[in-house]
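Notes follow the structure.
Naming convention: chains lettered A, B, ... in sequence-line order (proteins, then strands); numbering from 1 in each chain.
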Amino acid sequence: MRRRFKGIAMSSLAQKLTEIMEQAFSALELPKENARVQVSGQVEAAQFQCNGAMPSAKIARKNPREIAQNIIDQVKHIEIFEDISIGGPGFINITLTDTYITEHLKSLLKDVRFGIPSVEQGQNIVLDYGGPNIAKAMHVGHLRSSIIGDSLRRMCLHAGYNAIGDVHMGDWGSPMGMILSELELMNFDGDITMEMLAEIYPKASNACKEDKARMALARAATHKLQNGDESYTKLWREFIDVSIVGMKKNFDALGVHFDEWKGESDAHPFIDDMVKDLRSKNIAIDSEGALIVPVAQDSDKKELPPLMLLKSDGAVLYGTTDLATIIERKQSHNPSKIIYVVDQRQALHFEQVFRAARKSGIAPEDKIELIHAGFGTMNGSDGKPFKTRAGGVMRLEELISMAIEKAQSRLNEAELAKDMDKAERASVAHKVAIAAVKFADLQNNRSADYIFDIDRMTSFEGKTGPYLLYQAVRIQSLLRKAHVQGDIICEEFKITDGDRSLALLLSELPDHFASAMKHYTPHLLCDYAFKLAQEFSSFYGNCHILSEKDEALKLSRLALCQQTHKQLSLMLEMLGIEIPARM
RNA sequence: GCGCCCUUAGCUCAACUGGAUAGAGCACCUGCCUUCUAAGCAGGGGGUUACAGGUUCGAUUCCUGUAGGGCGUACCA
């Protein structure tokens, strides 16, 4: 019987137990869906639990404890259970033998994917994140989209997809016309700089808000640009390039990567044909002078406004470019999925775009999955969208340099840094700072609003990025001292009471990864990484490693350390956080 | 008006198809640098999960209502 379960592909212990339970449930003609085994919420009582007896009891009209006993009778002969018993109203509590745990661990050590399955090759996923606007200085509000999007991209890569990150700049709407018309009013002639743009744009934007005639100028300029006016296009290209240089500086500092630097303008060549096509198919219709795609359905509870393709003045809108961008992406990547990492407040907009894409056949349901992975708003301590005292929003550069400064001074106090040269110190300070900022943001649930707290973002103690780095660095130091080279192979794996909980935790990775992938939530990886770091730190404090006399135990512990380090490295890699050699 | 989301410890946040005694970090209190990095470890106090009902063996989670907050709602992006 035992051999039967040995062939199961590498996965988490909970998954393996679930498969065993499913067989037992099936044999008893109970619903298999109830068989799921999870890590026990009661660590003292058991390692794992299965709650399926209770809901099954209702269907079978039997006492839940009796059902639980039937299930246990089905599986108890399998030699992997140290203990399997009923708790409370019908929980099935499971504790595994150390032999089985170590067997699992040995196979885990040999698996470069840590039990994470790989999807079939050749599937492209486009991720749309960052979304900075031209001519605007990047502020802390850009943090979430960039960091979450980049992390999701890294997760997709690790899952085996061909993930393509696109920055999708805001380079085509009416702000462009505002800037162009402003430059014209200034009779501008010379080199454009980022500082200048950052000054011009808000000025022009305000002027347009207050003055209708000024707005008309901007509209005309937008129109001219979108119709391919040569001199406007040249000028536009110029300040786009200047802006990109500024963006790259910020993204580089953050360690956020993009495979493509496209923008809304890249969808422009597709708009005309798209509009014609939708009009001819009667999917787009005229309404109140504008061209719209109705997307409301009878089953809707709420009123769903149509997606507007053309304004009454003929100009294109945000939704138009978003729809055309899908066509552009289909042509360049033929993706099976597009993930938009954009503010949650735009949920309705994406609902409209997605529906229009379905209805028009641009993105058939069975061909392209469209996901809006929205994120919550970054609020100030007053619960309102974050603003500094001056009324503006803190610049991204400012946040980063504050964090670096703090890391630098923390490093200067440290004994260890005395023999670091200046370059190493700078590099370590940068890595620590970025780890702090990114982890502080990523550990929040993606879809929930959260409060921007500068102290929290630049904190290095407790549940922070630097804490994770610190644990990883400690292991590196340990492995160096043990002269470990390459992968540790441990034939006689030994665990004691002090090692068991770390060993069990290491088997959970596939579950957390799967969950994070399913919901597009990096914070689940943060949680697991932190738990792992904490568990390791406890293990490190309680167990001898290098000084362990029992050679087999010492080797086992070193293997645990190495595995912990590998998993931490992977988690941090997927979160976009780099580990220094020491700190 | 209609719709969506939120309310969990002093603060900031978790809680996997509803599961057992709701978890972390910060702050506060007590210990620990003569074992491998104290950005650390061990331990303590701190909760009517906004409120009132309902469904259920079991509710922070699902349903209804109330209060408070945020957001969206065809010519911005």
Side-chain angles (χ1 to χ4, degrees), chain A residues 14 33-34 36 38-42 44-45 49 51 54-55 57-58 64 87-91 93 131 133 170 172-175 205 264 287-292 300-308 310-313 315 317-319 321-322 343-349 352 374 376-377 379 381 383-385 407 410-411 413-416 432 436 440 443-445 447-451 453 455-456 459-464 466-467 469-471 473-474 476-478 481-482 511-512 514-515 518-519 523-524 526-527 530-531 534 537-538 540-548 561 582-583:
Chain A
E33 307 79 65
N34 290 342
R36 195 167 71 100
Q38 56 187 306
V39 171
S40 173
Q42 298 221 302
E44 309 81 24
Q49 65 182 77
N51 308 332
M54 290 170 289
K58 204 174 289 178
F91 295 101
N93 284 328
N133 290 320
W172 201 239
S174 48
S205 171
E264 292 168 345
S287 170
E288 294 172 36
L291 186 69
I292 61 162
D300 286 342
K301 267 189 160 180
K302 58 189 172 188
E303 219 178 305
L304 211 78
L307 181 77
M308 185 173 289
L310 297 178
K311 299 202 288 184
S312 41
D313 68 359
L317 290 111
Y318 184 36
T321 51
D322 267 355
D343 196 316
Q344 189 63 50
R345 286 175 292 190
Q346 294 186 32
L348 181 59
H349 165 77
Q352 292 170 311
T377 313
N379 289 330
S381 48
K384 301 239 169 82
R410 177 79 183 73
L411 209 52
E413 293 162 18
E415 190 68 22
L416 189 91
V432 168
Q443 69 170 300
N444 296 301
N445 185 345
S447 57
D449 291 353
Y450 82 102
I451 295 185
D453 179 350
D455 292 330
R456 184 179 179 221
S459 165
F460 305 150
E461 276 138 44
K463 190 175 181 180
T464 64
Y467 174 88
L469 297 186
Y470 183 67
Q471 302 309 339
V473 161
R474 277 172 138 183
Q476 285 163 189
S477 163
L478 210 51
K481 285 193 172 143
D511 296 333
H512 298 286
S515 199
K518 185 177 171 193
H519 305 288
H523 88 275
L524 295 177
C526 291
D527 241 36
F530 178 65
K531 234 188 277 172
Q534 233 178 1
S537 196
S538 176
Y540 181 87
N542 294 327
C543 294
H544 294 225
I545 300 167
L546 296 178
S547 56
E548 175 56 51
C561 289
R582 50 184 188 158
M583 65 184 272

Original post:
What string of B, S and - do you get for nucleotides 35-40 of chain B, 5' to 3', if B is base contact, S is sugar-phosphate-only contact and - is no contact with any protein heavy atom under 4.0 Å?
Top reply: BBBSBS
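If you check every strand for non-hydrogen atoms under 4.0 Å, A/Q344 touches nothing. Counting any heavy atom pair closer than 4.0 Å across all strands shown, A/I292 reaches a base atom. Nucleic acid contact class of A/Q534 (heavy atoms, under 4.0 Å, all strands): sugar-phosphate only.
Taking atom C1' on both nucleotides, B/A24 is separated from B/A14 by 7 Å, rounded to a whole Å.
A stem is defined here as three or more consecutive Watson-Crick or G-U pairs, each with both distances under 3.5 Å; for RNA chain B these stems are B:1-7 with B:67-73, B:10-13 with B:23-26, B:28-32 with B:40-44, B:50-54 with B:62-66.
Both A/S287 and A/H519 lie near RNA chain B, and the one whose nearest nucleotide falls closer to the 5' end is A/H519.
Closest to the side chain of A/N444, from the set B/A77, B/G72, B/C13, is B/C13. Looking at the side chain of A/K463, the nearest of the listed nucleotides B/A77, B/C57, B/A24 is B/A24. Listed candidates were B/C57, B/A42, B/A74. Nearest to the side chain of A/M54 is B/C57.
Residue A/E413 places its CD atom among more than 12 non-hydrogen atoms of other residues, nucleotides or ligands, all under 6.0 Å distant.
Atom CG of A/L307 and atom CG of A/L291 lie 9.5 Å apart (nearest 0.5 Å). From A/N445, atom CG reaches atom NE2 of A/H519 across 10.5 Å, with rounding to the nearest 0.5 Å.
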